[in-house]
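FYI, the numbering just counts along the sequence from 1.
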Amino acid sequence: VQLQASGGGLVQAGGSLRLSCAASGRTFSRYAMGWFRQAPGKERDFVAGISWSGDTHYADSVKGRFTISRDNAKNTVYLQMNILKPEDTAVYYCAKSTLPYVVVTLDRYDYWGQGTQVTVSS
């Protein structure tokens, strides 16, 4: 499985970005997918996850602003980010879970994308 993340960039506070993560492999639809982020000097944290059936889970810091979705026909997962804040600045990573349901711990994800930089200016 290979994951290719894209869509990051520089945006002003209050703006929006849409991240995409394209996955190779025929088993994509069987597993949950997640988005994580890592700011400089900080640990990589869970942002949002979506189960094989479409159930979603979000970190408290992004609830109501971010939306995760998936298109199994395209082997792609998305992260729509609205009302962006400077504290959302980080490298964002998509990852494939080893499980069909969402978990928030990194050790349950076995494949990772290369990361895409999101910078929110104040």
Note to self: How long is the straight-line distance from CG of Leu17 back to CZ of Phe66, given to the nearest 0.5 Å?
What the structure shows: 9.0 Å

Next item on the list: Tell me, with the steps shown, if Val118 and Leu19 meet side-chain contact (heavy atoms from CB on, under 4.5 Å).
Entry: CA-CA 9 Å; Val118 171; Leu19 305 184; 4.1 Å; yes

Item checked: N/O donor-acceptor pair under 3.5 Å between Thr76 side chain and Lys74 backbone -> yes

Margin query: Quick check for you: to the nearest 0.5 Å, what is the distance between Met33 atom CE and Lys96 atom NZ?
Written below: 8.0 Å

Check: Under 4.5 Å between side-chain heavy atoms, hopping through other hydrophobics if needed: is there a path connecting Trp35 to Val1?
Finding: yes

Next item on the list: Report yes if the side chains of Thr67 and Leu79 come closer than 4.5 Å at any heavy-atom pair, otherwise no.
Entry: no

Next item on the list: Rounded to the nearest 0.5 Å, what's the gap from CD on Gln38 to OH on Tyr93? Could you check?
Entry: 5.5 Å

Next item on the list: Calculate, to the nearest 0.5 Å, the distance between atoms CD and OG belonging to Gln12 and Ser122 respectively.
Entry: 9.5 Å

Checklist line | Leu106-Val62 co-clustered via ILVMFWY side chain contacts under 4.5 Å | finding: no

Check: Taking the side chain as C-beta and beyond, is there a heavy-atom pair between Gln80 and Ser69 under 4.5 Å?
Finding: no

Notebook entry, point to check: Looking at CG of Asp71 and CZ of Phe28, how far apart are the two atoms once the value is rounded to the nearest 0.5 Å?
Noted result: 8.0 Å

Check: Under 4.5 Å between side-chain heavy atoms, hopping through other hydrophobics if needed: is there a path connecting Tyr92 to Val11?
Finding: yes

Margin query: Given the ring of Tyr58, does Lys63 sit roughly above its face, with NZ or CZ under 6.0 Å from the centre of the six-membered ring and within 45° of the axis?
Written below: no

Checklist line | Cluster overlap Tyr111 with Val77, hydrophobic side-chain contacts below 4.5 Å | finding: yes

Donor-acceptor list for residues 97-105 side chains, cut-off 3.5 Å, not counting sequence neighbours:
| residue | atom | partner | partner atom | Å |
| --- | --- | --- | --- | --- |
| Ser97 | OG | Leu99 | N | 2.9 |
| Ser97 | OG | Leu99 | O | 3.3 |
| Ser97 | OG | Arg108 | O | 3.3 |
| Thr98 | OG1 | Arg108 | O | 3.2 |
| Thr105 | OG1 | Asp107 | OD1 | 3.0 |

Margin query: Distance check, rounded to the nearest 0.5 Å: Leu3 atom CG versus Ser20 atom OG?
Written below: 12.5 Å

Notebook entry, point to check: With Arg37, which of Asp88, Asp45, Thr116, Thr89 fulfils side-chain hydrogen bond (donor to acceptor under 3.5 Å, both in side chains)?
Noted result: Asp88

Next item on the list: May I ask you to decide if the ring planes of Phe46 and Phe36 are parallel, tilted or perpendicular, using 30° and 60° as cut-offs?
Entry: perpendicular

Next item on the list: Take Gln4 and Ser6 through the side chain to side chain donor-acceptor pair (under 3.5 Å) test and state the conclusion after the steps.
Entry: CA-CA 7 Å; Gln4 180 71 38; Ser6 62; over 6 Å; no

Checklist line | Closest heavy-atom pair and its distance - Gln117, Thr119 | finding: NE2-OG1, 3.3 Å

Next item on the list: Go through the structure and list residues passing salt bridge (charged side-chain N to carboxylate O under 4.0 Å, His left out) with Lys42, not counting sequence neighbours.
Entry: none

Checklist line | Arg70 to Trp52 six-membered ring, cation-pi geometry met (6.0 Å, 45°) | finding: no

Notebook entry, point to check: With Gln114, which residues qualify under side-chain hydrogen bond (donor to acceptor under 3.5 Å, both in side chains), at least two apart?
Noted result: none

